[in-house]
Amino acid sequence: MRFALSPEQLDFAGSVRKLLDSGRAPAAVRAWSSGDRAPGRALIGQLAEQGVLGLAIGEDHDGAAAEPIDLVVAFVELGRAAAPGPLTESAAAIPALLQALSDPGPAQRWLPGIAAGSTLGTIAFAEPGGRAVAVDADEADLVLLVSGDTLSVGTPGAPIRSIDPARRLFAVEAGEIVAEGEQVRTAAARAFDAGVLASAAAQWGAGRALLHAATEYAKQRKQFGKPIGEFQAVKQKLADVLIALDLAEPLLHRAALTFDDPTRARDVSAAAVACDEAAYSAARAALQVHGAIGYTAEYDLSLWLTRVTALRSAWGTAAAHRARIAAELRRERGIA
């Protein structure tokens, strides 16, 4: 199995990164958090023009019909920039959900708009006996709700406090029914895994951004007359983060390459655990290296710290993913 990215994929990653840098992503994130969505929507529109939002959408719905690894490449860059908006939901989860339904009507209704960037979507998965929560439901043009074997258009309800102010959470109420039956459960499972994969890629990208920020700051910040980056304890901490990210990357690529294989669903969970833990380690190390300034909301580091912490459990906890891996391995080996 080949994990190295192709020259075309590397060029695509570079073009997405250039767009995000020129679009001043940190400023757009701060504006999004404060309720000014115009800069973020403009940035999302530019991403759509570059084809990012249509990667997972078929050509019959004006998408690129790209491979899952291409989606990972894009989301690494989105995570590296802490891009605002429900991009995981719009570009990964919803396309996977709608294209897995037996009725092509919902896909025809919404996916062309998502690919074009004119329709921003979000999705909530209702837990048995629990509430359904969606990201940025107040800004989304399309809110979908999966509850058991029913897919419906959702209506935003009361806001819910979020650790990341750029990921506003809302309770969701069920509205117009879109589809029902076992097909919804099957499609929802695929949609959830698509969201897990995209979130893992974003976490890996955020971890790289945090490691870079910590490394650069360690070269500048001085104690006892020399940069703290020369201290062995700091070097070791940053090296541990680099190792964690390096070990997570092949798991992320493997999950993308086996995404369409139903017997390898655990690969997505393995990638999620590895990328979430590596990103969280990067966040802790970056905060410690930066010291007091790292705690201030005005400093850009906080954008990645809150994002990584929020995404750590947004698409399933580490315990849940580890349980899934163990269950699949037991079934595969015939262990009761």
Side-chain angles (χ1 to χ4, degrees), residues 28-29 32-33 35 37-38 40-41 43-45 47-48 52-57 61 63 71 74-75 78-79 82-101 106-107 109-127 130-147 150-179 184 187-199 201-202 306-307 310-311 313-316:
V29 175
W32 193 278
S33 302
R37 310 300 168 80
R41 291 296 294 242
L43 184 60
I44 291 170
L47 289 168
V52 172
L53 272 67
L55 286 172
I57 297 175
H61 302 306
L71 192 71
F75 269 89
L78 294 173
L87 294 171
T88 297
E89 293 74 13
S90 285
I94 290 177
L97 174 73
L98 298 183
Q99 291 176 124
L101 296 175
R109 179 179 176 185
W110 288 306
L111 291 186
I114 289 177
S118 58
T119 299
L120 188 63
T122 191
I123 188 170
F125 297 89
E127 299 179 0
R131 60 185 175 182
V133 179
V135 175
D136 294 316
D138 62 331
E139 176 65 18
D141 306 296
L142 169 65
V143 180
L144 293 178
L145 170 62
V146 176
S147 180
T150 301
L151 172 64
S152 61
V153 175
T155 302
I160 300 170
R161 185 179 179 184
S162 172
I163 192 172
D164 181 359
R167 296 183 77 253
R168 291 166 54 85
L169 303 178
F170 291 84
V172 176
E173 305 283 340
E176 170 198 350
I177 293 178
V178 176
V184 172
R190 182 167 179 79
F192 189 81
D193 278 352
V196 172
L197 180 64
S199 178
T306 54
R307 181 64 54 83
L311 288 182
S313 60
W315 292 88

Original post:
Which atom pair, heavy atoms only, marks the closest approach of Pro84 to Leu43?
Top reply: CD-CD2, 4.1 Å
Tell me which donor-acceptor pairs under 3.5 Å the side chains of residues 192-199 have, and how far apart each pair is, sequence neighbours excluded?
{"unit_1": "Asp193", "atom_1": "OD1", "unit_2": "Arg324", "atom_2": "NH1", "d": "3.1"}
{"unit_1": "Asp193", "atom_1": "OD1", "unit_2": "Arg324", "atom_2": "NH2", "d": "3.3"}
{"unit_1": "Asp193", "atom_1": "OD2", "unit_2": "Arg324", "atom_2": "NH2", "d": "2.8"}

Original post:
What is the minimum heavy-atom distance between Leu55 and Ala74, and which atoms define it?
Top reply: CD1-CB, 3.7 Å
**OP:** First locate atom CD1 of Ile123, then atom CG of Leu145, and finally report the distance between them rounded to the nearest 0.5 Å.
**Re:** 8.5 Å
Original post:
Considering residues at least two apart in sequence or located in another chain, which fulfil the salt bridge (charged side-chain N to carboxylate O under 4.0 Å, His left out) criterion with Arg41?
Top reply: Glu139, Asp141
Original post:
Could you give the distance from CG (Leu144) to CD (Glu176), rounded to the nearest 0.5 Å?
Top reply: 10.0 Å
Subject >> Of all pairs that satisfy side chain to side chain donor-acceptor pair (under 3.5 Å), the ones with a partner from residues 84-99, not counting sequence neighbours >> reply: none
Original post:
By side chain to side chain contact (heavy atoms under 4.5 Å, CB included), which residues pair with Ala188, not counting sequence neighbours?
Top reply: Leu97, Phe125, Val146
Original post:
Quick one: are Val184 and Thr150 in side-chain contact, heavy atoms under 4.5 Å?
Top reply: no
Subject >> Contacts of Ala314 that satisfy side chain to side chain contact (heavy atoms under 4.5 Å, CB included) - sequence neighbours left out >> reply: Arg167, Leu311
**OP:** Apply side chain to side chain donor-acceptor pair (under 3.5 Å) to Trp32 and list each qualifying residue two or more places apart in sequence or on a separate chain.
**Re:** Asp136
Original post:
Would a 4.5 Å heavy-atom cut-off, applied to side chains only, mark Leu53 and Leu87 as touching?
Top reply: yes
**OP:** Go through the steps for Ile177 and Leu151 under the test side chain to side chain contact (heavy atoms under 4.5 Å, CB included), then give the verdict.
**Re:** CA-CA 6 Å; Ile177 293 178; Leu151 172 64; over 6 Å; no
Original post:
Does some side-chain heavy atom of Leu142 sit less than 4.5 Å from a side-chain heavy atom of Leu120?
Top reply: no
Original post:
Can you list the residues that meet the salt bridge (charged side-chain N to carboxylate O under 4.0 Å, His left out) rule with Asp138, with sequence neighbours excluded?
Top reply: Arg37, Arg168
**OP:** Would you please name every residue forming a side chain to side chain contact (heavy atoms under 4.5 Å, CB included) with Ala137, sequence neighbours left out?
**Re:** Thr122, Ala134, Val143, Pro156, Phe170
Subject >> Any residue meeting side chain to side chain contact (heavy atoms under 4.5 Å, CB included) with Ala166, in chain and number order, not counting sequence neighbours >> reply: Val29, Ser33, Asp164, Arg307
Original post:
With a 4.5 Å limit on heavy-atom distance, are the side chains of Trp110 and Leu98 in contact?
Top reply: yes
**OP:** Considering non-hydrogen atoms only, spot the tightest contact between Ala48 and Ala115 and give its length.
**Re:** CB-O, 3.7 Å
Original post:
How close do Ala191 and Ala96 get, heavy atom to heavy atom, and via which atoms?
Top reply: CA-CB, 3.8 Å
